Amino acid sequence: MNKNFYVTTPIFYPTGVPHIGTAYNVFIADTLARYYRQKLGKENTFFLTGTDEHGANIAKAAEAQGKTPQEYVDEYAAKYQEVWQGVNLSHDYFIRTTDPRHEKFAQELIQKSFDNGDIYEGSYEGLYCESCEAYYTEADLVDGKCPNHPTKTPVFTKEKNYYFKLSKYQDFLLNLYAERPDFVQPAKWAAYVRGLVEAGLQDIPVTRANVKWGVPVPFDPEQTIYVWYDALPNYLSTLTFPEFQGYEEKFWPVANHVVGKDIIKFHAILWPAMLKSAGYEVPQHVLVHGFFTINGQKIGKSNNNAIDPRDLAAKYGNDVVRYALLSEFQVGNDGDFNIDRLKVKYEELANSWGNLLARVVHLANNKEVEISNTANVEPEFLTKLEDLAAKYTQHIEVKELFEALQTVGQITEWANKYIDEQKPWEKDKSPEDVALALNNLSVLLAKVNELYAPFLPESAAKATEALQKREKIILFPKIEDEAK
RNA sequence: CGCGGGGUAGAGCAGAGGCAGCUCGUCAGGCUCAUAACCUGAAGGUCGCACGUUCGAGUCGUGCCCCCGCAACCA
């Protein structure tokens, strides 16, 4: 069992602001981070997110707004941080790839691979559109014109750049997957990745000749480092920053990368190969999540459903937005989401957990019995509770967040049945029986609060406080539907 | 022959060889401590279609149908 835990989100490309889909990814990471902080201690857990700030698309977006690239990324990095703070994200650091310390690290990393002979000079050729600063294939063109610039004709261009010998690492990767079947989680994505690697790997270009907004290639300053050799190293570069002294030893390679299914190849194939090439250990796990649609539509500006997670949180609370997403689909699966589902989830919590808390506290106060006495819990009751808690732990440790939440649901369901059987409100119940039942339930609630804490941090804190103070609160108040 | 994901009760989702399951919704009861909450029971499915393997198939094999990604804003 590892003593330390390191979790990362991808670093996001700031061409827009975070929406509910982006938030899903960071919620998964945040939940894991909170779980491990609880388990291993704050100082033994590290949670990293950030922004990927180089590249032609950033330069273009900046120009379109009449800004320098630096001004542009400063602004968007700030927006990201604002949103994450707004949803109570608990990241320990926000890395930006324009941080000079990161740039230096990226240069050192690519230099190491170059020195090892894993990077060689080659050329890239294709139909180049000057306005897009991008290459197209014949099939991409519309009537011979650029698909994005109907007046421009992409011209055949050949540019020098450098390639990484990814093909060389096929056996290394297949061995890695064989030795560590859970390197990619969940299993169905591991199978997918293995299939891709078995099918064969091609070397990939890792520098660009025509992109100025990027990190210069140390062995050829005419070139800049292309996206992956700049972005992926953030997971490691941050750990080398002076304020994180000792972190590299502590948190590498116990890294867990939470990624969407679209960038699985880069994290599960390219990144381990890059690391191996440069003499580093590969990370512990790559956790792949699926995408969800909103009312059946893909999330995006054109569908006008790129919801700011803070808008939902304003009404339902941060906790419930996270809970709704994490309890709706298994990690790795796609799904659909909408406001009605969110409401259902909210009521689910209010009626099980919230209501249970209110019942127990209220009864305990009315009957004036002692609660929260762990020593007095009925042994059978305690055993059952511990069994369910253990089941939760098993799930969450293999990142089955959906299943872990279901297990907590089982506990509250059981508790509601138990309280109905015991009927501690009846007048002819012996005071001893009432005290025993309510004490059992209070200990159960304390456990539920603990298990929910990584998923619903704000609510769990409130519930814990209320239970301790024996104060009756409404954890999830009824939400009035706005008048139509 | 492009690649991949998916098609299980009205809705949303689990299950991956051995009597079809969960949440919500519906109907009928119960309870009254509690946030009109909670508990019990019922109705509702030929598990996309067909063929095959098997004592036995949502679950394995083959063929087919349908939906969704793989081009763009976009995780």
Side-chain angles (χ1 to χ4, degrees), chain A residues 9-10 12-13 15-28 57 61 132 134 136-137 139-142 147-148 187-189 191-192 195-196 199 258-265 288-294 296-306 324 327-330 332-338 340-367 400 402-403 405-406 409-410 412-427 429 434 437-438 441 472-479:
Chain A
T9 74
F12 299 102
Y13 204 59
T15 49
V17 289
H19 54 67
I20 188 73
T22 329
Y24 175 54
N25 173 286
V26 303
F27 287 154
I28 293 171
N57 288 328
C132 296
Y136 291 99
T137 64
D140 293 329
L141 303 186
V142 179
N148 294 325
K188 74 170 187 181
W189 287 109
Y192 168 78
L196 286 177
V258 180
V259 303
K261 62 179 184 176
D262 56 333
I263 51 175
I264 181 171
K265 286 189 230 177
V288 182
H289 66 76
F291 291 158
F292 57 88
T293 50
I294 292 184
Q297 289 189 310
K298 226 182 151 183
I299 300 174
K301 287 173 193 163
S302 59
N303 287 331
N304 198 27
N305 61 0
S327 67
E328 184 71 349
F329 359 88
Q330 290 175 314
N333 284 3
D334 290 346
D336 185 57
F337 192 73
N338 55 56
D340 287 338
R341 298 300 305 162
L342 182 61
K343 285 183 187 161
V344 165
K345 294 295 180 179
Y346 185 91
E347 282 163 20
E348 193 175 296
L349 284 170
N351 298 345
S352 56
W353 186 25
N355 186 45
L356 183 68
L357 177 71
R359 296 176 90 175
V360 171
V361 171
H362 184 81
L363 277 165
N365 288 342
N366 263 5
K367 300 288 178 180
E400 292 173 351
F402 174 92
E403 291 82 351
L405 280 174
Q406 279 194 332
Q410 283 172 21
T412 54
E413 188 189 350
W414 161 45
N416 270 319
K417 284 188 169 95
Y418 178 81
I419 198 169
D420 263 56
E421 283 161 14
Q422 297 298 318
K423 305 190 198 322
W425 54 84
E426 284 191 346
K427 294 215 163 58
K429 279 275 165 191
V434 169
L438 290 176
L441 285 162
K472 192 188 161 190
I473 59 164
I474 303 297
L475 200 50
F476 300 101
K478 271 273 170 228
I479 289 178

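First the proteins, then the strands, lettered A, B, ... as listed; each starts at 1. Bear in mind that the values here come from a model prediction, so they are computed numbers and not experimental data.
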Rounded distance in Å - NE2 (A/His289) to C1' (B/rC74) = 13 Å

query = OP1 or OP2 of B/rA37 sitting under 4.0 Å from any side-chain N/O of A/Lys478?
reply = yes

message = Please give me the minimum heavy-atom distance between A/Trp425 and A/Asp420, naming the atom from each residue.
response = CH2-CA, 4.0 Å

inquiry  = Counting only side-chain nitrogens and oxygens, does A/Lys472 get under 4.0 Å of the OP1 or OP2 atom of B/rC33?
reply    = no

ask   = Side chain of A/Asn351: nearest nucleotide among B/rA75, B/rC38, B/rC13?
value = B/rC38

Same-atom distance (C1') from B/rG56 to B/rC13, integer angstrom = 27 Å

task = Test A/Val258 against every option in A/Val288, A/Ile28, A/Thr9 by the side-chain contact (heavy atoms from CB on, under 4.5 Å) rule and name the one that passes.
result = A/Ile28

message = Roughly how many Å apart are B/rA42 and B/rC22, using the P atom of each and rounding to a whole number?
response = 11 Å

key: Minimal non-hydrogen separation, A/Pro424 against A/Val434, with atom names   = O-CG2, 3.6 Å

ask   = Between A/Gly290 and A/Asp334, what is the shortest heavy-atom contact and its length?
value = CA-OD1, 3.3 Å

inquiry  = Can you see if the side chain of A/His362 gets near the phosphate of B/rA34 - specifically, an N or O under 4.0 Å from OP1 or OP2?
reply    = yes

inquiry  = Applying a 4.0 Å non-hydrogen cut-off, can you work out what A/Gly409 is touching in the nucleic acid: base, sugar-phosphate, or nothing?
reply    = nothing

ask   = For A/Phe337 and B/rC13, what is the distance between atoms CZ and C1' respectively, to the nearest whole Å?
value = 13 Å

message = Does A/Glu413 reach a base, just sugar-phosphate, or nothing at all? Heavy atoms under 4.0 Å.
response = sugar-phosphate

request  = Using distance alone, with no hydrogens and no angle criterion, decide if A/Glu400 and A/Gln330 have a side-chain donor and acceptor under 3.5 Å apart.
outcome  = no

query = Considering only the C1' atoms, how many Å lie between B/rC3 and B/rA43, rounded to the nearest integer?
reply = 44 Å

inquiry  = Give me the atom names and distance for the closest heavy-atom approach of A/Gly260 to A/Asn25.
reply    = N-ND2, 4.0 Å

message = Looking only at the side chain of A/Asp420 (C-beta and beyond, no hydrogens), which of the listed nucleotides B/rA75, B/rG30, B/rU35 gets closest?
response = B/rG30

task = For A/Asp262 and B/rG5, give me the distance from atom CG to atom C1', rounded to whole Å.
result = 14 Å

request  = Let me know, please, whether A/Asn25 or A/Asp334 comes out on the 5' side of the other along RNA chain B by nearest nucleotide.
outcome  = A/Asp334

task = Please measure how far the C1' atom in B/rU59 lies from the corresponding atom in B/rG18, and state the result in whole Å.
result = 11 Å

ask   = CD of A/Glu400 versus P of B/rC22: gap in Å, rounded?
value = 20 Å

Between B/rC13 (C1') and A/Leu405 (CG): distance, integer Å = 14 Å

ask   = When we call it a touch if two heavy atoms are under 4.0 Å apart, what does A/Asn333 touch: a base, just sugar-phosphate, or nothing?
value = sugar-phosphate

inquiry  = Given B/rU35, B/rG12, B/rA75, identify the nucleotide with an atom nearest to the side chain of A/Phe291.
reply    = B/rA75

message = Please give the distance between the P atoms of B/rG4 and B/rG41 as a whole number of Å.
response = 45 Å

key: Whole-angstrom distance between B/rU62 and B/rA72, as gauged at atom P   = 33 Å

request  = Could you check whether A/Leu475 gets within reach of a base, just the sugar-phosphate, or nothing at all, counting any heavy atom under 4.0 Å?
outcome  = base

message = Taking 4.0 Å as the cut-off, does a side-chain nitrogen or oxygen of A/Lys188 come that near to OP1 or OP2 on B/rG6?
response = yes

ask   = In whole angstroms, how far is the P atom of B/rC39 from the CD atom of A/Gln422?
value = 15 Å

note = A/Ile474 CD1 to B/rA34 P, in whole Å, measures 10 Å

ask   = In terms of side-chain heavy atoms of A/Phe292, which of B/rC39, B/rA34, B/rA75 is nearest?
value = B/rA75

message = Quick check for you: among B/rC13, B/rC39, B/rC24, whose closest atom lies nearest to any side-chain atom of A/Val344?
response = B/rC24

ask   = With respect to the phosphate group of B/rG15, does any side-chain polar atom (N or O) of A/Gln330 fall under 4.0 Å of OP1 or OP2?
value = yes

message = Are there runs of at least three consecutive Watson-Crick or G-U pairs touching RNA chain B, with each pair's two distances under 3.5 angstrom? Give them by first number.
response = B:2-7 with B:65-70, B:10-13 with B:21-24, B:26-30 with B:38-42, B:48-52 with B:60-64

key: Gap in Å between the two C1' atoms, one belonging to B/rA75 and one to B/rC39, rounded   = 42 Å

ask   = What is the distance from CD of A/Glu348 to C1' of B/rU35, rounded to the nearest Å?
value = 15 Å

message = Using a 4.0 Å heavy-atom cut-off, does A/Asp336 contact any base of the nucleic acid, only the sugar-phosphate backbone, or nothing at all?
response = sugar-phosphate

query = Is the shortest side-chain N/O distance from A/Asn355 to OP1 or OP2 of B/rC33 below 4.0 Å?
reply = no

ask   = Between B/rC33, B/rA75, B/rC13, which nucleotide gets closest to the side-chain atoms of A/Leu363?
value = B/rC33

task = Please work out whether B/rG58 sits syn or anti, treating a glycosidic angle within 90° of 0 as syn.
result = syn

ask   = Touch check for A/Glu328, heavy atoms < 4.0 angstrom, all strands: base, sugar-phosphate only, or nothing?
value = sugar-phosphate

request  = Return the nearest nucleotide to the side chain of A/His19; candidates are B/rC74, B/rA14, B/rU35.
outcome  = B/rC74

message = Would you measure the distance from the P atom in B/rU40 across to the matching atom in B/rG25 and give it in whole Å?
response = 15 Å

remark   = Looking only at heavy atoms, the pair that brings A/Asn416 and A/Asn351 closest together is ND2-O, 4.1 Å

ask   = Of all heavy-atom pairs between A/Lys265 and A/Leu196, which one has the smallest distance, and what is that distance?
value = CG-CD1, 3.7 Å

ask   = If you look at every strand shown and take non-hydrogen atoms under 4.0 Å, does A/Phe476 touch a base, only sugar-phosphate, or nothing?
value = base

